[in-house]
Amino acid sequence: MTQPTLIRRVPGHRPLLLDLFCCAGGAATGYHRAGFDVIGVIGVDIVDRPNYPFTFVRAEALGYLAALIASGKIHRFTAVHSSPPCQAGCALTVGTNASQGWGGDHDDLVAPTRMLLERTGLPYVIEQPNGRAEIRKDLSLCGEMFGLGVLRHRNFELGGWTINRPAHPKHRGYVRGYRHGVYRDGPYVAAYGSGGGKATVPEMQQAMGITWTDVREELTEAIPPAFSEHVGRALLTAIRPVGVAA
């Protein structure tokens with residue numbers, strides 16, 4: 001793998017991060033809180049995201065990234081976060097897909113995303129839910145690490161930099177809802193789907209710390225900003241200030 005160039009920070013300047021497959025901005029909000037300015041690019045469906053809280057580009061994510069690389073404009077950015085679609089390998093859908101004969105038409109853009117990210121020469125992050133997506137699990141985060149009302153396990157592959165892996169705390173109970181026909185109560189809500197005791201929109205907003213959108217589909221796709229704030233703060237410490245020797 002090509003090692004990304006180490007970017008130098010300028011005091012008083014917020015480094016710029018590219019947020020690929022950005023959805024409604026859960027990841028972007030965490031990175032912004034950590035100290036980045038953020039530009040989001042949507043992905044393969046190329047739909048508007050009026051709730052996205054930062055600069056938004058309506059474009060196909062990988063084509064946009066390839067154009068940035070070809071033009072040299074990628075060097076405006078300090079780092080790249082990406083959440084490429086991989087529905088066929090997601091733990092929440094893979095069992096249903098197999099039982100119903102589904103999954104052949106799902107996009108799996110992890111590998112082509114990684115290929116382009118390595119070409120940028122920048123530190124990068126690939127985020128995926130638990131499942132069969134072929135990424136290195138350099139970091140795994142859980143809502144219990146941040147006192148959230150969702151578990152929302154997510155894995156992160158880190159390109160060109162490293163992070164300390166926090167311990168995974170013991171869960172305090174069940175995720176509320178029906179599973180195999182049995183209802184269980186618990187301290188966490190299910191922030192995906194609908195019915196069967198799953199979270200309402202206000203419950204998802206509160207549990208994940210996302211207040212700027214009330215669109216269920218956007219909330220079910222989002223990661224809690226606490227996750228990316230943690231990642232972003234570590235990423236900033238991995239970028240040397242100006243004047244620090246190599």
Side-chain angles (χ1 to χ4, degrees), residues 19-34 40 43 49 51-53 81-96 110 125-133 135-158 163 165-179 184-235:
D19 177 21
L20 296 176
F21 308 99
C22 62
C23 196
T29 297
Y31 283 112
H32 188 264
R33 291 173 182 170
R49 292 292 183 183
N51 295 318
Y52 190 79
H81 172 93
S82 64
S83 299
C86 186
Q87 297 98 323
C90 173
L92 292 176
T93 60
V94 69
T96 300
V110 172
V125 177
I126 301 175
E127 175 267 326
Q128 289 286 288
N130 275 346
R132 299 176 184 172
I135 68 167
R136 294 192 316 272
K137 297 179 181 179
D138 299 319
L139 174 69
S140 297
L141 296 179
C142 166
E144 182 61 24
M145 296 174 177
F146 305 96
L148 301 179
V150 290
L151 294 178
R152 209 67 162 176
H153 295 105
R154 289 296 185 270
N155 301 307
F156 300 81
E157 178 177 320
L158 311 178
I163 190 172
R165 296 172 62 97
H168 191 160
K170 183 178 179 180
H171 298 165
R172 289 173 286 124
Y174 292 107
V175 176
R176 190 195 72 201
Y178 285 93
R179 188 166 180 83
R184 293 185 174 93
D185 201 358
Y188 313 106
V189 299
Y192 54 88
S194 60
K198 294 183 176 62
T200 64
V201 165
E203 286 175 329
M204 285 193 282
Q205 291 175 310
Q206 181 176 4
M208 290 194 288
I210 295 177
T211 59
W212 59 90
T213 179
D214 60 0
V215 177
R216 176 178 286 274
E217 179 261 340
E218 293 180 344
L219 290 165
T220 60
E221 293 287 331
I223 67 169
F227 287 16
S228 50
E229 182 175 0
H230 175 81
V231 174
R233 291 186 183 280
L235 178 55

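- Checked by atom type and distance alone, the side chain of S228 pairs as donor or acceptor with a backbone atom of A27 at under 3.5 Å.
- Side-chain contact check for V175 versus P187: every heavy-atom pair is 4.5 Å or farther apart.
- Looking at every heavy atom in both residues, N155 comes nearest to P129 through ND2-O, 3.9 Å.
- Between F227 and F146, the distance separating the two ring centers is shorter than 6.0 angstrom.
- A heavy-atom distance below 4.5 Å is found between the side chains of P166 and L141.
- At least one side-chain heavy atom of Y31 sits less than 4.5 Å from a side-chain heavy atom of V231.
- Residues G40 and C22 come closest through the heavy atom pair C-SG, 3.9 Å.
- By the salt bridge (Lys or Arg N to Asp or Glu O under 4.0 Å) test, D138 is found to be paired with R136, residues two or more places apart in sequence or in another chain being considered.
- Between the OG atom in S83 and the CZ atom in R154 there is a gap of 8.5 Å [rounded to 0.5 Å].
- E203 CD: more than 12 foreign heavy atoms inside a 6.0 Å radius.
- Remark: the backbone N or O of P84 is paired with a side-chain donor or acceptor of Q128 at under 3.5 angstrom.
- Atoms CE and CD1, from M204 and I210 in turn, are 9.5 Å apart once rounded to the nearest 0.5 Å.
- In this structure the side chain of L219 reaches within 4.5 angstrom of the side chain of Q205, judged on heavy atoms.
- A side-chain donor-acceptor contact under 3.5 Å links Y188 to the backbone of R172.
- Between the R176 side chain and the G197 main chain, a donor and an acceptor come within less than 3.5 Å of each other.
- Note that the CG atom of L151 and the NE2 atom of H168 stand 7.0 Å from one another [nearest 0.5 Å].
- Although no hydrogens or angles enter the test, the distance criterion places a donor-acceptor pair under 3.5 Å between the side chain of S82 and the main chain of V125.
- In this structure the side chain of V189 never reaches within 4.5 angstrom of the side chain of T200, judged on heavy atoms.
- Minimum heavy-atom separation, A207 to L148: O-CB, 3.5 Å.
- A donor-acceptor pair is defined here as one N or O able to donate and one able to accept, closer than 3.5 Å; such a pair exists between the side chain of R216 and the backbone of G193.
- To the nearest 0.5 Å, atom CG of residue L158 and atom CG of residue L139 are 6.0 Å apart.
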Step by step, would you call E218 with N51 a side-chain hydrogen bond (donor to acceptor under 3.5 Å, both in side chains)? CA-CA 9 Å; E218 293 180 344; N51 295 318; 3.1 Å; yes
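- Side-chain contact between F156 and S140 is absent, with no heavy atoms from C-beta onward closer than 4.5 Å.
- Taking CZ of R33 as the reference point, atom CZ of R233 lies at 10.0 Å (rounded to 0.5 Å).
- Side chains of L20 and H81 form no contact here, defined as non-hydrogen atoms less than 4.5 Å apart.
- A donor-acceptor pair is defined here as one N or O able to donate and one able to accept, closer than 3.5 Å; no such pair exists between the side chain of W212 and the backbone of G25.
- The pair K137-E157 does not meet the salt-bridge criterion, since no charged nitrogen lies less than 4.0 angstrom from a carboxylate oxygen.
- R165 CZ: more than 12 foreign heavy atoms inside a 6.0 Å radius.
- Summarising the geometry of P225 relative to G209, their closest heavy-atom pair is CG-O, 3.9 Å, with the distance given to 0.1 Å.
- The shortest distance between side-chain heavy atoms of C23 and R49 falls below 4.5 Å.
- Salt-bridge annotation for E127 and R152: absent, with no side-chain N of the basic residue lying under 4.0 Å from a carboxylate O of the acidic one.
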